[in-house]
Amino acid sequence: MSIFIDQSTRLVVQGITGRDGSFHAKQMMAYGTKVVAGVTPGKGGQRFEDSVPVFNTVAEAVHETRANTAVIYVPAAVAASAIFEAADAGLELIVCITEGIPVLDMTRVLPFVHERGARLIGPNCPGLISPGKSKVGIIPGNICEPGKIGVVSRSGTLTYEIIHQLSSHGMGQSTCVGIGGDPLIGTNFVHCLTAFEADPETAAIVLIGEIGGTDEQQAADFVRRNVSKPVVGFIAGQTAPPGRRMGHAGAIISGASGTAAEKMQALEQAGIGVMKRPADVVPLLKSARI
Amino acid sequence: MSIFIDQSTRLVVQGITGRDGSFHAKQMMAYGTKVVAGVTPGKGGQRFEDSVPVFNTVAEAVHETRANTAVIYVPAAVAASAIFEAADAGLELIVCITEGIPVLDMTRVLPFVHERGARLIGPNCPGLISPGKSKVGIIPGNICEPGKIGVVSRSGTLTYEIIHQLSSHGMGQSTCVGIGGDPLIGTNFVHCLTAFEADPETAAIVLIGEIGGTDEQQAADFVRRNVSKPVVGFIAGQTAPPGRRMGHAGAIISGASGTAAEKMQALEQAGIGVMKRPADVVPLLKSARI
Amino acid sequence: MNLHEYQAREILRRHGIPVPPGEVATTPGEARASAQRLGGKVVVKAQVHAGGRGKAGGVKLANSAAEAEAHARAILGMTIKGLTVHKVLIAPAAAIASESYVGIIVDRGSQRPVLMVSPAGGIDIEEVAAKTPEKIHRLAVDPRYGLLSHQALGLGFALYGDVHQARAAADIMQKLYQVVYAVGASLAEINPLATTPEGAVQALDAKIVIDDNEVERRPDIAALRDVTAEAPEEVAAREAGLTFIKLDGNVGCCVNGAGLAMATMDLVKYYGGEPANFLDIGGSSKAQKVVAALRIMTSDPRVKVILFNIFGGITRGDDVANGIVQATHELSLKVPIVIRLTGTNEGEAMEILTKAGFSALTDMDEAVKQAVALAKGKAA
Amino acid sequence: MNLHEYQAREILRRHGIPVPPGEVATTPGEARASAQRLGGKVVVKAQVHAGGRGKAGGVKLANSAAEAEAHARAILGMTIKGLTVHKVLIAPAAAIASESYVGIIVDRGSQRPVLMVSPAGGIDIEEVAAKTPEKIHRLAVDPRYGLLSHQALGLGFALYGDVHQARAAADIMQKLYQVVYAVGASLAEINPLATTPEGAVQALDAKIVIDDNEVERRPDIAALRDVTAEAPEEVAAREAGLTFIKLDGNVGCCVNGAGLAMATMDLVKYYGGEPANFLDIGGSSKAQKVVAALRIMTSDPRVKVILFNIFGGITRGDDVANGIVQATHELSLKVPIVIRLTGTNEGEAMEILTKAGFSALTDMDEAVKQAVALAKGKAA
């Protein structure tokens with residue numbers, strides 16, 4: 001098993017004829033992901049790489065190909081609309097790679113996705129990969145190995161760094177999920193921790209957080225109450241300067257300021273092994289007897 | 001028993017200090033309805049008729065008095081807002097008497113009410129009465145008698161006429177509900193038929209419809225499938241001229257034109273006794289052996 | 001409240017929907033001048049609140065400004081479905097490559113605004129809907145989110161295979177949806193939504209109906225009301241706060257409540273009479289409203305008897321009684337009045353009427369039977 | 001992107017929120033003229049993107065136009081938290097009966113815009129929030145419905161007992177909510193929302209922060225950017241498509257991805273060094289971006305070594321390598337460069353770098369250790 005994606009994932013690529021979309025569609029196909037359809041309005045009827053049918057709308061793509069997952073590579077200006085479209089077409093999983101979606105767009109997108117019962121990963125995320133089974137997004141397949149470590153991260157390249165450490169030391173991954181660094185995202189740490197805890201193939205979990213917000217604190221609390229598997233964590237931004245202040249409201253709303261120190265403390269208090277640097281991931285997991 | 005309201009109804013009157021609100025609040029109190037609060041912004045702290053506390057907001061009224069039902073008498077310009085407020089405050093039943101609410105306001109109000117799990121009756125309706133127990137709205141209490149006939153109607157004064165016929169002939173009512181004549185309403189015939197069917201105290205049902213829309217046809221279909229109790233019906237507007245045409249869209253959307261003849265036929269086909277005139281209600285019910 | 005085509009076109013234009021130029025003329029001379037400015041080859045269209053203008057001769061093609069003037073002379077002053085034409089719209093006669101239909105109406109069933117589009121637009125759209133309903137595409141718009149871009153584009157592709165035209169149509173649909181909420185429309189439709197031979201997508205004709213309940217809070221829209229385009233007695237009724245629809249019979253009916261009013265008309269018919277009107281005095285029962293109602297009914301020479309049917313709830317019987325008495329002072333009533341009155345303040349009402357020499361019944365069937373008999377010239 | 005107070009006030013005014021008059025001055029003479037127009041008794045306020053202006057001496061009360069000129073002379077050109085003041089706002093010194101707080105911020109937790117109000121407004125609002133949180137009233141607004149009238153009025157009553165003031169505040173809240181979506185704000189706040197002795201409710205000071213992702217689609221808002229109010233190197237970085245924040249250390253860091261960039265800075269510190277900056281070249285890896293990054297870093301004389309840490313994903317290693325080589329031609333690089341590079345097109349990158357005389361590592365820890373050693377003047 002794995003979480004969210006596997007061999008049954010049937011993928012529609014929104015923006016398949018664009019620069020990023022076409023590049024990564026090929027990468028995903030090469031990795032073995034079942035890319036069953038692409039969508040670019042006005043290019044309906046074409047075939048991508050002589051094989052994948054392209055449609056004008058996601059609804060048509062789903063109707064014709066029984067796609068169950070969408071990945072979005074369209075420009076930021078139309079990315080919110082692409083998420084609406086994917087959710088409206090009944091897709092169960094929607095992965096939005098696009099960076100730069102205005103947060104106010106997301107305030108409208110998220111309840112819509114939720115009402116339709118879909119899961120959104122991202123936006124502004126590298127996607128996810130269940131090594132050896134399916135890759136949806138941009139995580140380089142060649143750094144991953146199949147195995148029993150679940151990885152969930154707010155970061156992109158830092159995730160690659162951690163995966164690289166794991167794979168180099170023979171610790172394969174069940175699924176690696178990049179949940180995205182934006183303030184409003186569809187799937188958070190707790191959702192992923194819940195799924196990893198329920199996944200019999202995942203033996204331990206790596207959680208990669210950042211400064212800002214309180215998601216890591218909530219994740220720590222969740223781990224303490226609900227996760228039986230070993231968890232190790234990393235928080236990027238220990239030396240980062242305090243974020244630009246958002247008026248008074250920022251301080252009022254968050255109360256806590258979301259520093260790395262606070263987050264690392266929360267992880268420790270939840271019994272999570274805290275890395276000081278990315279290279280600590282392997283020794284920490286080993287000490288947890290994985 | 002009865003439907004929707006009874007002795008446990010604890011009523012907050014929105015617009016209690018207005019012309020209509022104060023008049024009908026007194027009528028309801030005289031009838032025995034538990035009027036526990038009133039709301040008029042800016043008059044919080046006063047007492048209506050030296051007894052009922054008045055609040056600035058419905059939320060405060062609910063918090064202080066455990067009201068479970070609201071009735072709305074505010075002007076049309078602020079009536080949609082009053083429904084939002086009542087639903088937001090967690091009231092289970094909201095009865096909106098106000099006439100003249102723009103239908104586009106209702107397109108936004110109805111999903112909100114639905115999401116909050118509240119029942120809205122109306123708008124533009126006379127409200128409801130469970131004779132001898134509680135009256136919420138403007139149906140004259142003196143024409144009603146406690147009994148076993150459930151009455152549901154799109155009309156106002158025509159309902160009084162039918163109730164008057166029933167009471168004059170010793171046929172009391174379990175509950176009489178005026179669902180309102182507007183295009184978009186919160187509670188329709190089918191909701192009321194469902195409740196009457198489930199109410200052990202209701203032995204037979206009178207359904208009073210009008211030309212326009214297809215609610216009566218749906219009600220007939222529902223009766224055929226789901227209602228075991230005798231139902232008699234009336235459709236007002238047999239001689240009405242065809243409604244002003246709403247462009248082409250009106251004809252496209254409705255297909256059927258919603259005439260009285262169509263509706264009466266639908267009722268008959270569902271085994272509902274159809275009155276030719278209001279005075280037929282008693283003989284028809286008698287022939288159904290009530 | 002209906003808007004004229006030229007008013008609807010202007011609203012669409014203000015919301016960024018492409019609409020060809022057009023001018024309103026109230027005289028043949030103005031029509032000629034407009035046609036000249038618009039290049040000579042124009043359509044002259046009667047501006048009247050009635051369907052089937054074309055079939056009634058209210059829409060004519062002119063090849064020159066002189067011909068436009070002649071057409072305007074013919075159309076201005078003509079009567080279509082009882083309404084006199086006071087204005088014509090002069091618009092350039094456009095070459096049309098295709099005609100689609102786009103409309104939004106608030107739908108009872110889904111309780112939402114429903115967007116309907118069809119590639120088979122034009123004057124036969126209703127026949128299309130009846131005979132080939134699969135050519136009508138519908139979408140119930142969730143008003144919490146509005147008409148979303150992808151939804152509009154999906155319907156755009158239902159109209160046009162070309163992506164640019166599909167996008168243009170989608171943009172028009174989204175703007176039309178905004179129009180609905182911006183002006184308080186219960187209906188907004190573009191028929192035809194036309195493509196030119198060059199591929200441009202344009203709204204050639206538009207219809208907007210305003211929800212009467214929206215008018216009060218929108219003074220800009222209220223100002224568009226054209227009372228010369230409505231039946232005078234309906235204007236008078238509206239101004240008095242009454243709902244009035246004229247019919248062909250001779251029993252004038254004055255009732256409180258729409259349902260009871262219809263049931264009263266039905267009962268008139270049941271007992272062999274013919275109602276002269278639908279008239280609902282509504283809930284608030286000021287005496288002056290009753291006077292206005294009597295004035296409107298008695299202005300119709302066909303009315304042989306006036307039947308009041310009042311079941312007092314909010315409406316107070318004494319108010320109605322006072323109104324009837326007051327009307328006898330203000331108007332010279334030449335037809336008999338039958339009064340049925342029960343409910344709130346019934347006793348006071350009876351007293352007032354009796355003092356003024358009227359009698360009143362409490363049973364609806366009895367009252368209707370009397371009125372029908374009087375209308376037929378028989379003694380009650 | 002931060003707006004100046006005077007810009008935020010203008011936006012509020014355009015949306016119908018009552019804001020007292022005010023004028024912007026860039027010279028003491030202009031300040032005097034403005035003060036004269038505004039009646040002499042004014043406040044002179046530094047327009048600068050930094051909090052704590054008042055405590056830094058950037059807000060001063062003047063009793064006359066001459067005094068306003070003197071204050072402007074003192075404030076214009078002063079430095080507050082590293083930023084030079086180029087403009088002052090001149091506003092009439094209003095008599096204030098009470099100060100409330102109204103703010104809207106997009107909240108991660110509820111994933112909604114959250115409206116916060118407090119009757120205890122003014123400069124100590126943060127202390128209020130920390131010490132007496134019960135004085136802050138919050139409402140997570142459902143963006144599907146917007147801020148509803150009754151919700152705003154409920155919060156209005158939390159600020160004012162008087163119904164007229166409560167309604168005025170509610171109206172301001174609803175308009176402020178519209179401002180958020182109209183301009184693409186991640187924050188909009190009024191502090192203080194003041195009442196005058198006559199009872200009027202007014203926005204005395206306003207702060208709006210625009211979501212950077214909104215700027216591109218809103219040219220009117222983009223035009224409000226004041227580059228003179230930002231650190232020059234951050235302006236240069238933004239224009240090159242980089243994210244750059246200056247720090248106090250001497251190890252220049254150039255990384256792809258914000259998380260990896262922070263982890264790299266952390267590792268510099270872990271090995272005893274001090275990062276000179278946060279610099280994220282982002283996903284798209286054009287060589288020119290790398291050149292710009294090197295130009296910005298080398299313009300800081302404190303930087304003793306430059307550390308590249310690139311994990312190729314979307315970013316291609318060869319693009320980065322080409323950028324480094326190109327920069328050695330365009331710039332005179334006086335500090336050593338340590339390169340860690342792995343991932344996409346790693347082989348090609350190594351070849352390019354080797355040819356140009358650079359060596360590169362693939363291990364992050366090794367590279368950071370080398371860079372720290374070089375910064376301390378030791379051989380790697």
Side-chain angles (χ1 to χ4, degrees), chain A residues 20 23-24 76-77 99-108 110-112 126 138-140 142-143 153-161 164 181 183-185 208 210-215 218 234 236-241 244-255 260 276-279, chain D residues 2 51 101 103-109 111-114 116 125-126 129-130 133 136 138 142-144 180-181 184-187 189 191 207 209 211 213-214 216-217 245 247 255-260 262-263 265-270 275 278 282-283 311-315 342-344 364-365:
Chain A
D20 290 345
F23 178 79
H24 289 290
E99 180 182 351
I101 303 181
V103 70
L104 291 171
D105 285 6
M106 292 307 299
T107 63
R108 300 180 67 242
L110 288 170
F112 189 87
I138 63 173
I139 296 176
N142 60 334
I143 59 170
S153 171
R154 271 171 74 182
S155 170
T157 45
L158 177 56
T159 316
Y160 310 165
E161 187 73 45
H164 180 62
L184 301 199
I185 53 177
I208 305 161
E210 289 180 6
I211 51 169
T214 56
D215 278 15
Q218 282 156 25
F234 182 76
Q238 298 165 48
T239 57
R244 313 291 170 96
R245 288 294 301 284
M246 300 191 73
H248 296 288
I252 298 173
I253 192 94
S254 60
K276 296 238 179 306
R277 49 185 192 127
Chain D
N2 288 295
Y101 171 90
I104 299 174
I105 190 168
V106 180
D107 172 43
R108 286 166 175 266
Q111 301 195 319
R112 291 178 172 186
V114 169
M116 291 179 291
I125 182 67
E126 288 173 53
I136 311 276
R138 299 168 186 222
D142 186 336
R144 300 172 305 163
V180 166
Y181 280 85
S186 49
L187 166 83
E189 68 181 8
N191 188 28
K207 182 170 180 58
V209 179
D211 177 358
N213 293 337
E214 297 268 5
E216 199 175 332
R217 67 178 174 185
I245 297 170
L247 300 170
V255 189
N256 65 322
L260 189 59
M262 287 193 287
M265 290 156 59
D266 294 348
L267 206 59
V268 166
K269 188 101 173 176
Y270 180 83
F278 168 96
F311 202 119
I314 304 192
T315 311
T342 188
T344 309
M364 179 167 163
D365 283 66

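All chains are named by letter (A, B, ...) in the order of the sequence lines, taking the proteins before the strands, and each is independently numbered beginning at 1. The shown structure was predicted, so the numbers you read here are calculated from the model rather than taken from an experiment.
Only the side chain of D:R144 comes within contact range of chain A, with heavy atoms under 4.5 Å apart. For D:A185, the part sitting under 4.5 Å from any heavy atom of chain A is the backbone (N, CA, C, O) and nothing else. Heavy-atom distances place both the backbone and the side chain of A:P183 under 4.5 Å from chain D. If you measure heavy-atom distances from A:I101 to chain D, the contacts under 4.5 Å come from the backbone alone. Only the side chain of D:Y270 comes within contact range of chain A, judged by heavy atoms closer than 4.5 Å. Looking at A:F234, the atoms closer than 4.5 Å to chain D (heavy atoms on both sides) all sit in the side chain, from C-beta outward. Heavy atoms closer than 4.5 Å to chain A are found in both the backbone and the side chain of D:N256. Contact of A:L104 with chain D is made through backbone and side chain together, with heavy-atom distances under 4.5 Å.
Taking CG of A:L110 as the reference point, atom CG of A:D105 lies at 10.5 Å (rounded to 0.5 Å). We find the NE2-CD1 distance between A:H24 and A:I139 to be 11.5 Å, quoted to the nearest 0.5 Å.
For the set D:P143, D:P133, D:G257, the entry with the most heavy-atom pairs within less than 4.5 Å of chain A is D:P143. Interface remark: of the candidates D:M364, D:E216, D:K269, D:R217, D:R217 forms the most heavy-atom pairs closer than 4.5 Å to chain A. Residue with the most contacts toward chain A among D:N213, D:T344, D:V180, D:T342: D:N213 (heavy-atom pairs, distance under 4.5 Å). Per-residue heavy-atom pair counts under 4.5 Å with chain D were compared for A:A236, A:S155, A:A260, and the maximum is reached by A:A236. Considering only heavy-atom pairs separated by less than 4.5 Å from chain A, the leading option among D:L267, D:D211, D:V255 is D:D211.
A:D20 has its side chain out of reach of A:F23: every pair of non-hydrogen atoms, C-beta onward, lies at least 4.5 Å apart. D:V268 places none of its side-chain heavy atoms less than 4.5 Å from the side chain of A:T239.
D:Y181 approaches D:P113 most closely through the heavy-atom pair OH-CG, 3.4 Å.
Under the salt bridge (charged side-chain N to carboxylate O under 4.0 Å, His left out) criterion, D:D266 pairs with no residue, sequence neighbours left out. Residues passing the salt bridge (charged side-chain N to carboxylate O under 4.0 Å, His left out) test with A:E161 are D:R340, sequence neighbours excluded.
Among the candidates D:D142, D:V106, D:D107, the single residue satisfying the side-chain contact (heavy atoms from CB on, under 4.5 Å) test with D:R112 is D:D142.
No side-chain donor-acceptor contact under 3.5 Å links D:T315 to the backbone of D:G312.
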